[in-house]
S.K.: 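Submitted below is the structure of interest, expressed as structure tokens.
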Amino acid sequence: MKVTVLFFGATADTVGSRELEIRADEAATAKSIIDQLSKDHPALAKHKLLIAINEEYADPDTLLKDGEEVALFTAVSGG
Amino acid sequence: MKVTVLFFGATADTVGSRELEIRADEAATAKSIIDQLSKDHPALAKHKLLIAINEEYADPDTLLKDGEEVALFTAVSGG
Amino acid sequence: MDYTELTTEPIDITSVARRVVPPECGATVTLDGYARRFTKDKQTGETRETEYLVYEAYEPMAIREMQKLVEQVKSEFEIANVGIVHRLGKLEIGETSVVISVAAPHRRAAFAACEWLIKELKRTVPIWKKEVFADGEVWVEGDSQAPAL
Amino acid sequence: MDYTELTTEPIDITSVARRVVPPECGATVTLDGYARRFTKDKQTGETRETEYLVYEAYEPMAIREMQKLVEQVKSEFEIANVGIVHRLGKLEIGETSVVISVAAPHRRAAFAACEWLIKELKRTVPIWKKEVFADGEVWVEGDSQAPAL
């Protein structure tokens with residue numbers, strides 16, 4: 001299956017991209033996506049990452065479905 | 001001695017004036033001024049009056065001095 | 001950069017808020033009080049429709065009392081600057097009667113100080129409000145006793 | 001009359017505050033957050049001078065999270081309407097980054113709700129701030145953990 005991964009702020013700088021299409025196996029979770037990305041972008045593991053799936057905060061162990069949108073970002077700092 | 005008495009809002013309406021010059025004896029207090037005015041304007045006694053002397057809140061029993069400015073008004077309602 | 005003013009002109013909230021901001025600050029909390037159309041009578045529970053308001057002040061004493069509040073709030077809260085502007089005269093419904101702006105490095109102090117200021121202003125500053133209805137008018141008497149002497 | 005917006009244009013505080021006012025209300029409390037020139041580093045205690053800020057959002061999720069805050073605050077506080085506008089893009093020093101306005105019949109609820117909203121917005125709404133200094137830049141990471149799921 002494929003998922004879209006979005007990056008913002010610090011994570012976008014780290015990955016050098018704002019959006020990636022990623023192939024993942026059926027048991028993929030947000031956490032496994034992060035592990036997969038960290039091979040190419042080890043600096044990603046230095047951040048404490050928050051996860052959203054389809055625009056909602058989600059647990060790292062949530063199973064992903066085909067076509068879902070996963071966002072990886074650092075603790076928010078708006079205001 | 002003479003004192004100036006100022007009225008605002010409800011007290012100005014009750015007395016029909018915003019400012020009066022009043023002759024008072026040497027032992028006059030804000031309270032004795034109110035008693036004196038209440039003879040002509042009995043409705044004044046219906047209000048719970050606050051007192052300021054020379055632009056500062058004051059106790060009704062404060063002795064007045066010649067030329068002082070006494071303000072008589074109801075509980076404030078700004079804001 | 002603190003200021004306390006009485007004015008018979010309409011109040012621009014933004015300009016009041018912005019005049020209190022020094023460069024080390026990150027938050028301003030602003031209270032905007034205004035003439036409300038419908039008021040519920042505390043005793044009867046009935047709702048009355050206000051046509052307009054008239055505010056009157058013992059002007060020099062009101063300024064002094066507002067300045068005292070500014071001094072006191074700055075000694076008790078970690079804030080930078082305070083602006084208080086109260087309007088006088090006739091106010092149409094929806095027009096701002098009072099603006100209190102507090103700028104602070106941290107927002108918590110700004111909220112606490114702003115809330116303290118409006119509470120104290122309503123208790124101590126010699127300003128009175130007349131509510132005018134279709135069938136009459138009344139000078140509103142505040143809840144408070146005389147401030148402690 | 002509630003609203004939540006993201007904008008890259010300058011924010012007019014007064015207009016934000018006034019759009020939340022229904023006729024039974026008498027007080028609006030407004031939090032105005034803005035780009036501050038000097039920031040004290042929490043660890044080193046040193047003061048740094050910021051040249052400008054850049055805000056970025058996960059826009060659709062940010063709007064959803066802001067709308068959730070509005071629903072929650074209205075169920076927990078006795079308030080009438082809420083407006084939240086957050087600016088995105090580049091902000092010069094002194095420009096407003098966020099305005100939160102809460103209108104209520106009574107000011108106490110307006111203060112409490114406004115303070116709650118800014119605290120929660122900083123914890124949950126996916127917006128990030130980049131501080132740009134003379135000699136570098138940093139994406140600020142918030143203090144907070146992920147919101148409870």
Side-chain angles (χ1 to χ4, degrees), chain B residues 2-22 28-35 37-38 40-65 67-79, chain C residues 4 6 31-36 39 53-69 84-89 91 96-100 114-115 117-132 136-149:
Chain B
K2 274 163 74 176
V3 294
T4 303
V5 187
L6 304 180
F7 307 93
F8 299 93
T11 59
D13 284 359
T14 297
V15 174
S17 179
R18 311 200 132 262
E19 182 172 341
L20 294 176
E21 291 282 315
I22 290 196
T29 62
K31 188 174 178 313
S32 70
I33 298 287
I34 295 170
D35 291 343
L37 286 162
S38 298
D40 288 338
H41 309 286
L44 201 59
K46 283 195 279 184
H47 297 294
K48 203 187 307 174
L49 293 178
L50 303 187
I51 295 153
I53 300 175
N54 300 335
E55 302 174 7
E56 297 283 351
Y57 283 105
D59 189 277
D61 295 324
T62 310
L63 280 171
L64 298 175
K65 300 196 193 77
E68 285 193 318
E69 184 179 275
V70 181
L72 301 178
F73 47 78
T74 58
V76 305
S77 55
Chain C
T4 50
L6 300 169
L31 181 281
D32 166 21
Y34 33 84
R36 149 170 80 184
T39 303
L53 300 180
V54 178
Y55 282 91
E56 175 175 319
Y58 182 7
E59 296 194 28
M61 181 175 169
I63 290 286
R64 284 165 76 118
E65 290 292 325
M66 292 198 290
Q67 285 168 346
K68 284 185 201 170
L69 294 182
I84 304 176
V85 180
H86 201 297
R87 186 151 167 217
L88 302 177
L91 272 77
T96 291
S97 53
V98 63
V99 172
I100 300 179
C114 189
E115 192 163 9
L117 280 167
I118 181 65
K119 179 169 64 72
E120 290 297 298
L121 180 144
K122 284 171 170 272
R123 194 175 69 85
T124 68
V125 178
I127 298 175
W128 299 270
K129 173 168 69 175
K130 181 162 72 175
E131 291 182 354
V132 180
E137 57 180 51
V138 62
W139 281 106
V140 179
E141 296 195 24
D143 298 324
S144 37
Q145 303 299 314
L149 301 172

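Proteins get letters first, then strands, A, B, ... in listed order; numbering begins at 1 in each.
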S.K.: So, for C:Tyr58 and B:Glu55, which heavy atoms are closest and what is the spacing to 0.1 Å?
M.R.: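 Looking at all heavy atoms of both residues, the shortest contact is OH-CG, 3.5 Å.
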S.K.: Given that the side chain runs from C-beta out, which part of C:Ala62 has a heavy atom under 4.5 Å from chain B: side chain, backbone, both or neither?
M.R.: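 Neither part, no heavy atoms under 4.5 Å.
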S.K.: Considering non-hydrogen atoms only, spot the tightest contact between C:Arg123 and B:Tyr57 and give its length.
M.R.: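 Taking every non-hydrogen atom into account, O-OH, 4.5 Å.
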S.K.: Please check: side-chain N/O of C:Tyr55 versus main-chain N/O of B:Ser77, any donor-acceptor pairing under 3.5 Å?
M.R.: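 Not a single qualifying donor-acceptor pair exists.
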S.K.: Go through the atoms of B:Leu49 and report whether side chain, backbone, both or neither lie under 4.5 Å from a heavy atom of chain C.
M.R.: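 Contact with chain C involves no heavy atom of B:Leu49 at all.
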S.K.: With a 4.5 Å cut-off on heavy-atom pairs, point out which of C:Lys129, C:Lys68, C:Arg87 contacts chain B the most.
M.R.: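 Answer, by heavy-atom pair count under 4.5 Å with chain B: C:Lys129.
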S.K.: For C:Leu121 and B:Val76, which heavy atoms make the closest approach, and how far apart are they?
M.R.: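 Smallest interatomic distance, heavy atoms only, reads O-CG2, 4.4 Å.
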S.K.: Side chain, backbone, both or neither: which part of C:Glu141 has a non-hydrogen atom closer than 4.5 Å to chain B?
M.R.: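 Interface part for C:Glu141: both.
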S.K.: Under 4.5 Å from any heavy atom of chain B, what part of C:Lys130 do you find: side chain, backbone, both or neither?
M.R.: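 No part of it gets close to chain B.
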S.K.: Angle between ring planes, B:Phe8 versus C:Trp128, binned at 30° and 60°: parallel, tilted or perpendicular?
M.R.: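 Ring orientation of B:Phe8 relative to C:Trp128: parallel.
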S.K.: Is it the backbone or the side chain of C:Val140 that comes under 4.5 Å from a heavy atom of chain B, or both, or neither?
M.R.: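 Both backbone and side chain.
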S.K.: Given B:Thr74 and C:Trp139, is the side-chain contact (heavy atoms from CB on, under 4.5 Å) satisfied, shown in steps?
M.R.: CA-CA 9 Å; B:Thr74 58; C:Trp139 281 106; 5.8 Å; no
S.K.: Check whether any side-chain heavy atom of C:Met61 sits under 4.5 Å from a side-chain heavy atom of B:Glu69, and report yes or no.
M.R.: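 Side-chain contact under 4.5 Å: no.
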